[in-house]
Every structure is written in C-alpha cells, then in structure tokens.
Amino acid sequence: MSSDSMIVLQVSVTQQIDEMNNQSNNSFAFSDENDQQFYGLELTRFSEFYRPIHGYLSLAVCVFGIIANVLNIIVLTRKNMLSATNCILTAMAVSDVCVIASYIPFAIHNFIRTETEVEVFYAYGWALFTLFHAHFTVVCHTISIWLTVILAFWRYLAIRSPTSSKTWCSMSRAKYAILCAYLFVPISCLPLFLSFTISDFALEDKPNQTFFKVDFSSIAVQNNELLQKLNFWVFSVLLKLIPCVLLTILSLALIRVLVEANKRKQRLLSSNIALKNNSNLNTNSLVTTSNTSPKNSCEKTVGRNASQQTSDRTTKMLVAILIMFLVCEFPSGILALLSGIFGKVFFNNVYNKFGDLMDMLALINSAVNFVLYCLMSQQFRKTFTKLFCMKNEIEINRHSYHLAQSVNTNTCNTACV
C-alpha cells in the first residue's frame with residue numbers, strides 16, 4: 001500500500017473502537033464543528049458507501065495482480081528477455097506481488113468478514129498481522145517506487161547518451177541498484193518501525209476482556225510527538241512527492257525524446273524516398289561502387305529504423321508505466337502534504353476518508369503492468385505466447401505429423417496398386 005498506510009490503519013482501527021464504545025484512550029473523535037470542516041460529513045458518507053464495495057473489489061484486483069505479476073516474473077526471466085531494464089522490471093514485480101499478497105488477508109478480515117465477533121476481530125494475532133502488514137507493505141511499496149525512479153532515469157540516460165549508457169546501465173549495475181533498494185529501504189524505515197506497537201484496551205460492555213490494536217508507541221509520543229511528526233513528513237510526504245516530482249520530470253523528458261524520435265523518423269522516411277528515386281534514376285549507370293550502393297545504404301537505413309522502432313516501443317511502454325504510477329500515487333502525496341499543512345482535522349476529515357480508495361489505486365498500480373507489457377511490448381508478447389501456447393503448438397504439430405503420415409501411407413498404397 002501507500003507509504004503512509006500505517007497511519008491510516010491505526011486511525012481506522014481507533015475510529016472503529018470509538019464507534020463501538022464511544023470512548024478510547026487515543027480517540028480521534030471530533031466536535032460537530034470539526035466534522036463539518038473540509039466537507040467532512042460528505043466525505044464520511046462517501047467512505048461509508050465505498051467501504052462495503054472495497055473489500056470485494058480489492059480482492060478481485062489482488063487475485064488478478066498476483067497472477068499477472070507471477071506471469072511477468074516468468075516471462076521477464078527468460079534468456080531472450082534478459083536485460084538491465086527487464087531485470088529492474090522483474091524486481092518491481094516481486095515487490096508488487098508481495099504488497100498484493102499481504103493485502104488479501106487484510107481485506108478479508110477488515111472488509112469482507114464484517115460479522116466477525118469482536119473477540120476475534122481484535123485478537124492479538126490479528127493485531128500482530130496488521131502491524132506486520134503495514135510495515136511490510138510500506139517497505140515493499142517504497143522499494144517499488146524507487147525502482148520505478150531508477151528505471152525511468154536509466155531509460156532517459158540510455159536515450160540521451162547511448163554510448164555512456166552501455167557502461168552505466170549494465171546488468172551488473174542493475175543488480176547492484178536492486179540490491180541497494182532492497183537493503184537500504186528497510187534500514188531507512190527503522191524510525192517507522194519504532195513508531196508503532198500493539199496496545200491493549202477494554203470495551204465498556206466487556207470490561208473483563210482484553211482486546212488489542214495497533215497504536216503509536218511510547219517513543220513516538222515523546223517530545224511532543226516528535227518522532228510521529230517526523231515519520232509523517234518523511235514517509236508520507238517526501239517518499240511520495242519527491243518520487244512523483246522526479247517521475248513527472250523524467251516522463252516529460254521521455255515524451256520529448258519520443259517526439260524528437262518521431263520527427264527523426266519522418267526525416268529518415270523522406271530521405272529513403274529520395275534515395276529510392278535516385279536509385280531508379282541510376283539504374284542504367286555503368287559505374288557502381290559496392291560499398292556505397294543505394295541498396296546497401298537502404299539496408300543499413302532499414303536496420304537502423306528497426307532498431308529505433310524497438311527502442312521507441314520500449315520507451316512508450318515505460319512512459320505508460322510512469323503515467324500509471326503518477327495517476328495512482330500523486331493524489332495520496334498531495335493529500336499527505338495538505339494533511340501536514342492543515343493538521344489533524346484535514347487528515348481525519350479528508351485523507352482518512354479516502355484511505356480505502358488510495359489503497360485501491362496502489363493495488364491497481366501494482367497489478368496492471370502485465371497489461372501494459374502485453375499491449376506495448378512485442379518481444380514480451382512473443383515470449384509469452386511461446387511459453388504458454390507451446391502445448392497447443394505441440395498438439396497442432398503432432399496432429400499435422402500424423403495427418404502427413406496418413407497421407408503418405410495412402411499414397412504409397414495407391415502407387416502399389
């Protein structure tokens with residue numbers, strides 16, 4: 001989920017407890033005046049309308065996303081698909097499938113099993129899983145975010161400086177970048193891990209029973225909630241807005257490169273037409289040079305055009321991935337920034353009401369890359385077809401073989417007669 005899903009989960013659980021017993025040690029309940037700020041009442045009605053739908057919709061997206069990302073990993077790790085770009089895409093698919101897989105039990109427990117008894121719903125085991133789920137998705141989603149930034153930067157470097165990019169964008173450096181992302185992101189999340197813990201509480205109508213929830217730790221609330229505020233700005237704003245800004249700049253740069261490549265293609269097409277016309281005029285010429293013949297020049301031009309078309313398709317696919325990322329991640333980053341500016345009232349009245357919807361956007365972003373690959377990568381489609389349609393091809397070839405054998409036998413018998 002989003003890098004600030006931890007806070008959303010904690011507030012969501014706290015609000016559920018408040019609805020059950022109308023009291024909590026860490027209540028976020030507001031007065032009527034605060035409820036009306038930032039369209040709080042209207043957004044509350046929207047949240048209540050969307051929440052029952054979210055569970056089943058997110059479960060469907062999760063099932064599709066796991067299947068799609070597993071297929072991505074299988075296809076992108078084939079020998080003919082090995083490259084620095086595909087290596088990073090594979091690492092992104094691994095982190096995305098981890099995020100999606102972790103969300104399935106969370107969605108079932110919180111959105112689908114609504115009739116669960118309170119003793120089960122707030123059991124220690126589920127509180128422990130909620131804590132793990134929030135930390136795990138923060139780490140995996142942050143890894144995916146920065147791998148996307150690295151991928152966009154590498155693609156831009158490969159297009160702008162093809163010679164130097166062969167050194168910088170090598171397979172070994174891609175593996176090193178992936179390793180750094182998977183190692184340094186969890187380390188950078190250590191302050192976040194220290195900010196939350198599992199606390200117990202009691203309900204008014206069941207005072208003799210103990211229930212558990214995810215809550216801010218004692219370290220987080222010390223020094224006027226300094227660590228809590230620091231984590232909010234670092235993980236909810238910096239890790240959202242900085243990657244989004246970088247990806248916006250890189251996406252615009254890649255689109256500009258595509259426009260320039262299209263203009264260059266038009267110029268090459270015009271030169272090919274002129275070259276063909278010159279070739280027709282010089283057909284009867286007595287003096288020809290093999291190294292500079294129009295035929296060889298045309299062949300080289302066609303080869304360059306084919307290579308350029310492959311590069312353009314790869315760039316278009318990455319631009320589509322980046323745009324999808326921005327559409328899914330920018331809203332939560334903007335809302336997180338506004339929450340830091342306007343404070344807790346905005347966070348609860350606006351940000352928290354869109355929490356489920358933003359989780360859905362993050363799930364979609366993690367699940368749809370397979371569709372983009374299939375639509376925009378010819379090599380991916382060919383490899384996918386070769387891998388998963390091989391059985392059908394074998395059956396067709398076997399049938400054709402038996403049919404040919406039968407025809408040969410009948411022909412032989414006819415000839416003998």
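Computed from a predicted structure; not experimentally measured. Below, all heavy atoms of this structure are taken into account, side chains as well, without hydrogens, waters or symmetry copies.
- In terms of heavy atoms, A84 sits closest to S170 at CB-O, 3.7 Å.
- Y56 places none of its side-chain heavy atoms less than 4.5 Å from the side chain of V61.
- Close placement of the F201 and Y122 rings is indicated, their centers lying within 6.0 Å of each other.
- Judged as a side-chain hydrogen bond (donor to acceptor under 3.5 Å, both in side chains), the pairs with a partner in residues 181-196 (not counting sequence neighbours) are, in order, S195-N231.
- Contact record, L326 with P331: O-CD, 3.9 Å, taken as the closest heavy-atom pair.
- Counting heavy atoms of neighbouring residues, nucleotides and ligands inside a 6.0 Å radius, atom CZ of F153 does not exceed 12 of them.
- Ring pair Y50/H54 is tilted by interplanar angle, where 30° to 60° counts as tilted.
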Is there a side chain to side chain donor-acceptor pair (under 3.5 Å) between N80 and T383 once you walk through the steps?
CA-CA 8 Å; N80 65 309; T383 305; 3.0 Å; yes
Please walk me through it: do D200 and T210 pass side chain to side chain donor-acceptor pair (under 3.5 Å)?
CA-CA 6 Å; D200 58 273; T210 303; 5.6 Å; no
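- A heavy-atom distance below 4.5 Å is not found between the side chains of N72 and L89.
- Partners of S102 by side-chain hydrogen bond (donor to acceptor under 3.5 Å, both in side chains), not counting sequence neighbours, listed by chain and number: H133.
- Aromatic rings of F106 and Y103 (six-membered ring for Trp) have centroids within the 6.0 Å cut-off, being under it.
- By the side-chain hydrogen bond (donor to acceptor under 3.5 Å, both in side chains) test, H109 pairs with no residue at all, sequence neighbours left out.
- Side-chain contact check for N349 versus L43: every heavy-atom pair is 4.5 Å or farther apart.
- Scanning for salt bridge (charged side-chain N to carboxylate O under 4.0 Å, His left out) contacts around R173 gives an empty result, with sequence neighbours left out.
- Aromatic ring centres of Y124 and F212 lie closer together than 6.0 Å.
- Residues K382 and K386 form no side-chain contact, since every pair of their non-hydrogen atoms from C-beta on lies 4.5 Å or further apart.
- Within a 6.0 Å sphere centred on CZ of R256, other residues, nucleotides and ligands contribute 12 heavy atoms or fewer.
- In this structure, the salt bridge (charged side-chain N to carboxylate O under 4.0 Å, His left out) partners of E119, at least two apart in sequence or on a different chain, are K206.
- Residues forming a ring-ring contact (aromatic ring centres under 6.0 Å, His included) with F136 (at least two apart in sequence, or on another chain): F132.
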